[in-house]
Amino acid sequence: MHAADIRLIESKPTIPVDKLRMAYFGAPDNCLLDNEMKAKVKIIMAGNQAEFLAALPQFSNYNAHYCIRPSSIDSDIIKPLTKGIMAATCGAVPLLARDTPDAEELLGTDYPYYTEDQRSDSIKEVYAQMEDDFGGKTWECAKTAIAELANIISPEANAKRIEDLVKMVLQ
């Protein structure tokens with residue numbers, strides 16, 4: 001079961017609607033960005049509790065989240081759609097790798113802003129597509145997918161799932 005940090009939900013970020021504004025929230029070591037993309041994506045330290053709390057007001061400055069992690073050396077480590085969950089909670093559109101666990105299950109195979117691999121060129125192509133699409137039909141389709149995800153992982157939806165599980169166990 002996925003859930004967003006309640007502090008992020010309570011902060012109620014209001015994202016900009018003028019142009020694509022993308023950020024990565026987290027520890028920079030967990031982010032795959034080449035130098036050209038570093039000029040386009042704002043890195044905001046949010047890798048620990050203190051940094052996350054300090055970053056909360058900044059979530060309102062970005063309408064897109066960069067969610068590409070480096071490939072794990074250890075194939076036993078699974079990094080679920082955590083960054084995508086944060087983006088959905090904010091109403092921001094994530095740039096994701098298609099192979100992110102849970103991504104296709106939660107956003108669909110037709111979500112428009114997947115990169116097929118972690119090559120710099122592939123990531124830059126998807127970023128450029130997001131810039132071109134901003135405010136248009138494809139962008140709005142992505143926002144719809146994100147809104148649906150936000151509903152799926154909302155505290156109310158998670159509480160209902162837990163309630164249903166408890167009822168099932170008690171029967």
Side-chain angles (χ1 to χ4, degrees), residues 1-27 30-32 40-49 51-69 78-116 123 126-127 129-167:
M1 179 175 358
H2 290 287
D5 190 304
I6 195 72
R7 297 168 296 186
L8 185 56
I9 295 167
E10 290 172 346
S11 74
K12 295 181 174 105
T14 306
I15 59 173
V17 295
D18 59 336
K19 66 178 184 175
L20 182 68
R21 296 174 186 274
M22 186 177 288
Y24 170 79
F25 292 89
N30 291 330
C31 179
L32 181 66
K40 297 176 181 189
V41 177
K42 176 74 173 170
I43 296 176
I44 299 175
M45 300 293 288
N48 61 45
Q49 183 171 328
E51 290 172 350
F52 180 82
L53 289 172
L56 274 176
Q58 295 186 63
F59 280 91
S60 289
N61 298 331
Y62 301 94
N63 50 31
H65 288 196
Y66 187 87
C67 303
I68 308 289
R69 296 177 183 266
I78 297 174
K79 297 281 190 175
L81 190 62
T82 308
K83 298 293 183 197
I85 298 299
M86 282 180 22
T89 301
C90 296
V93 175
L95 189 162
L96 297 161
R98 184 175 295 280
D99 66 354
T100 302
D102 299 347
E104 287 189 334
E105 179 184 336
L106 293 169
L107 290 171
T109 57
D110 59 346
Y111 178 75
Y113 303 122
Y114 289 126
T115 181
E116 297 301 326
I123 294 168
V126 175
Y127 180 90
Q129 189 64 49
M130 292 175 82
E131 276 187 315
D132 289 345
D133 291 347
F134 186 82
K137 184 178 178 183
T138 303
W139 181 263
E140 292 305 317
C141 287
K143 285 184 65 171
T144 297
I146 291 307
E148 290 171 4
L149 176 56
N151 285 332
I152 290 168
I153 55 97
S154 72
E156 297 80 13
N158 282 336
K160 175 74 171 114
R161 278 191 284 283
I162 292 169
E163 181 181 311
D164 291 347
L165 286 170
V166 169
K167 285 179 184 176

Can you tell me how far the [atom1] atom of [X] sits from the [atom2] atom of [Y], to the nearest 0.5 Å?
X: Leu53; Y: Leu8; atom1: CG; atom2: CG; result: 11.0 Å
X: Asp110; Y: Glu104; atom1: CG; atom2: CD; result: 9.5 Å
X: Leu149; Y: Ile85; atom1: CG; atom2: CD1; result: 4.5 Å
X: Ile123; Y: Lys40; atom1: CD1; atom2: NZ; result: 12.0 Å
X: Cys31; Y: Ile68; atom1: SG; atom2: CD1; result: 8.5 Å
X: Thr144; Y: Glu148; atom1: OG1; atom2: CD; result: 6.5 Å

Which heavy atom in [X] sits nearest to a heavy atom in [Y], and how many Å separate them?
X: Ile44; Y: Ala23; value: CD1-CB, 4.0 Å
X: Ala64; Y: Met130; value: CB-CE, 4.1 Å
X: Pro112; Y: Thr138; value: CB-CG2, 3.5 Å
X: Pro16; Y: Tyr62; value: CD-N, 3.7 Å
X: Trp139; Y: Asp133; value: CB-O, 3.2 Å
X: Cys90; Y: Phe59; value: SG-CD2, 3.5 Å

Review point. Taking everything shown except Lys42 itself, do over 12 heavy atoms lie less than 6.0 Å from its NZ?
Key: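 Not more than 12 within 6.0 Å, no.
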Distance-only, no hydrogens or angles: does the [X] side chain make a donor-acceptor pair with backbone N or O of [Y] under 3.5 Å?
X: Lys83; Y: Phe25; value: yes
X: Tyr114; Y: Ala103; value: yes
X: Ser60; Y: Thr14; value: yes
X: Tyr66; Y: Leu32; value: yes
X: Tyr111; Y: Leu106; value: no

Check your understanding: Do Val93 and Leu20 have side-chain heavy atoms sitting under 4.5 Å apart?
Key ->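 With C-beta onward as the side chain, the pair stays apart.
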**Study point:** Side chain to side chain, Arg21 and Asn61, heavy atoms closer than 4.5 Å
**Key:**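 No, their side chains stay 4.5 Å or more apart.
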Check your understanding: Where do Ile146 and His65 land on the side chain to side chain contact (heavy atoms under 4.5 Å, CB included) test, with the steps shown first?
Key -> CA-CA 12 Å; Ile146 291 307; His65 288 196; over 6 Å; no
Check your understanding: For Tyr24 and Asn30, what are the C-alpha separation, side-chain angles and deciding distance, and is it a side chain to side chain contact (heavy atoms under 4.5 Å, CB included)?
Key -> CA-CA 10 Å; Tyr24 170 79; Asn30 291 330; 3.4 Å; yes
